[in-house]
**Student:** 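Before anything else, here's the structure in question.
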Amino acid sequence: MDPNSNSNRRESAPASLQPIPPAQLDSPLEGVTNAVSSVQVLCRFRPRQDEGINSAYYASLTDKQTPSPFIVDSTNNCIKTKTDDRDDFDEGRGFYFDKVFLPDTTQSTIYDSVEHIVSGVMSGFNGTLLAYGQTSSGKTHTMEGKMSDEESFGICPRAVDTLFNCIEDADPDIEFTLKLSFVEIYCEKIRDLLEPENNNLKIKEMQN
């Protein structure tokens, strides 16, 4: 399948969401960082866990003796699913993303691909980073990381560093106010993790 084809993407998706041929990129992340005004979908395969209750499962994913139902093509930013009852992969069943990250991708590389959203907030642009996936798919690993190891920091602690660095570099006459909400969305309910008794919050849009 042609990686520029949008047959596996929403027909209404803007052009900036369509995969960019690697030959046209000056850097592997240019296709992501240049599209600052649209929704972008990045797919990450979390690294294997050698400890914990899911260690056997992660081991099976990297065991060469265990056939994989899909192949990750990070060059063309797509995931190809395996053809039924055959050993090859069906090119017509590829799912394209703005960027696909392999399990060995570092936390800093992941953050570099979204840092423009965080720094854009300091220029007056609204920005949202949302991690979505099934249990044990790596949402917490990506967003929070391991706080005891700076190299393992996820997006959240790195974003805080970016915000405060921007404040330090700004004009000293500018006054900043930072507000933080820490919530969990589970079973379609929003719970305030700073005040757990508020376990069914309502979303409201402020006029300002």
Side-chain angles (χ1 to χ4, degrees), residues 8-14 16-17 29 32-33 35-49 51-55 57-58 79 95-101 103 105-167 175-208:
N8 287 317
R9 306 187 71 87
R10 298 187 302 273
E11 294 182 358
S12 60
S16 60
L17 277 178
L29 297 175
V32 175
T33 55
V36 297
S37 60
S38 64
V39 175
Q40 300 154 20
V41 182
L42 284 62
C43 180
R44 183 190 194 182
F45 285 79
R46 67 158 300 155
R48 165 179 164 177
Q49 281 187 332
E51 300 177 354
I53 59 175
N54 295 318
S55 59
Y57 167 71
Y58 290 113
I79 300 172
F95 299 89
Y96 289 86
F97 299 86
D98 295 289
K99 188 67 182 176
V100 172
F101 297 100
T105 304
T106 63
Q107 295 282 65
S108 62
T109 298
I110 295 294
Y111 183 68
D112 287 344
S113 68
V114 300
E115 187 275 339
H116 64 280
I117 299 176
V118 179
S119 57
V121 171
M122 304 303 291
S123 298
F125 295 96
N126 291 327
T128 299
L129 295 171
L130 174 67
Y132 182 84
Q134 68 185 51
T135 300
S136 296
S137 60
K139 300 183 297 298
T140 302
H141 172 72
T142 297
M143 297 302 290
E144 180 179 323
K146 186 181 296 184
M147 299 303 296
S148 59
D149 178 15
E150 187 172 347
E151 291 186 1
S152 299
F153 281 2
I155 289 176
C156 289
R158 293 174 188 270
V160 171
D161 284 342
T162 296
L163 291 176
F164 279 98
N165 287 336
C166 288
I167 291 174
E175 181 177 333
F176 294 89
T177 299
L178 299 181
K179 295 182 179 181
L180 172 67
S181 295
F182 193 21
V183 300
E184 174 189 67
I185 303 176
Y186 183 71
C187 291
E188 301 183 359
K189 288 187 176 182
I190 303 177
R191 183 163 67 99
D192 188 341
L193 296 179
L194 298 178
E195 296 186 31
E197 63 273 12
N198 297 331
N199 56 14
N200 193 15
L201 300 177
K202 304 298 181 182
I203 297 179
K204 298 180 181 179
E205 183 174 354
M206 307 298 291
Q207 292 183 353
N208 57 356

**Student:** Does anything in residues 180-196 form a salt bridge (Lys or Arg N to Asp or Glu O under 4.0 Å)? List the pairs, not counting sequence neighbours.
**Tutor:**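 Matches after skipping sequence neighbours: Glu184-Arg191.
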**Student:** Below 3.5 Å, can you tabulate the donor-acceptor pairs from side chains in residues 144-160 to any protein atom, sequence neighbours excluded?
**Tutor:**
unit_1, atom_1, unit_2, atom_2, d
Asp149, OD1, Glu151, N, 3.3
Asp149, OD2, Ser152, OG, 2.9
Arg158, NE, Phe153, O, 2.7
Arg158, NH2, Glu151, O, 3.1
Arg158, NH2, Phe153, O, 3.3

**Student:** More than 12 heavy atoms of other residues, nucleotides or ligands under 6.0 Å from CG of Asn126: yes or no?
**Tutor:** no
**Student:** CD1/Ile167 to CD/Glu175 distance, rounded to the nearest 0.5 angstrom?
**Tutor:** 11.0 Å
**Student:** Mind checking the CG-CG spacing from Leu194 to Leu180? Nearest 0.5 Å is all I need.
**Tutor:**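 If I round to the nearest 0.5 Å, the distance is 6.0 Å.
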**Student:** What are the two closest heavy atoms between Leu42 and Ser113, and how far apart are they?
**Tutor:**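 Shortest heavy-atom contact: CD2-OG, 3.5 Å.
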**Student:** Taking the side chain as every heavy atom from C-beta outward, state whether Phe164 and Asp161 have any pair of such atoms under 4.5 Å apart.
**Tutor:** no
**Student:** Give a yes or no on whether Ile185 atom CD1 has more than 12 heavy-atom contacts from other residues, nucleotides or ligands under 6.0 Å away.
**Tutor:** no
**Student:** Return the minimal non-hydrogen interatomic distance between Ala131 and Lys139, and the atom names on each side.
**Tutor:**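 The answer is O-CD, 3.9 Å.
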**Student:** Taking atom OG1 of Thr162 and atom NE2 of His116, what is their separation to the nearest 0.5 Å?
**Tutor:**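 One finds 12.0 Å between OG1 of Thr162 and NE2 of His116.
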**Student:** Just wondering, are more than 12 heavy atoms of other shown residues or ligands nearer than 6.0 Å to CZ in Phe176?
**Tutor:**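 For Phe176, atom CZ is crowded (more than 12 foreign heavy atoms under 6.0 Å).
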**Student:** Find the distance between CZ (Phe101) and OG1 (Thr109) and round it off to the nearest 0.5 Å.
**Tutor:** 7.5 Å
**Student:** Would Arg44 and Thr142 satisfy side chain to side chain donor-acceptor pair (under 3.5 Å), going step by step from the backbone distance to the final call?
**Tutor:** CA-CA 9 Å; Arg44 183 190 194 182; Thr142 297; 3.0 Å; yes
**Student:** Would you name the heavy atoms of Asp98 and Val41 that are closest together and state the gap between them?
**Tutor:**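 In terms of heavy atoms, the two residues are closest at OD2-N, 2.7 Å.
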**Student:** As an exercise, state the distance from OG1 of Thr128 to CD1 of Ile117, rounded to the nearest 0.5 Å.
**Tutor:**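 Result: 8.0 Å between the selected atoms.
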**Student:** Check Cys43 against Ile79 and note the closest heavy-atom contact, atom names and distance.
**Tutor:** SG-CD1, 3.6 Å
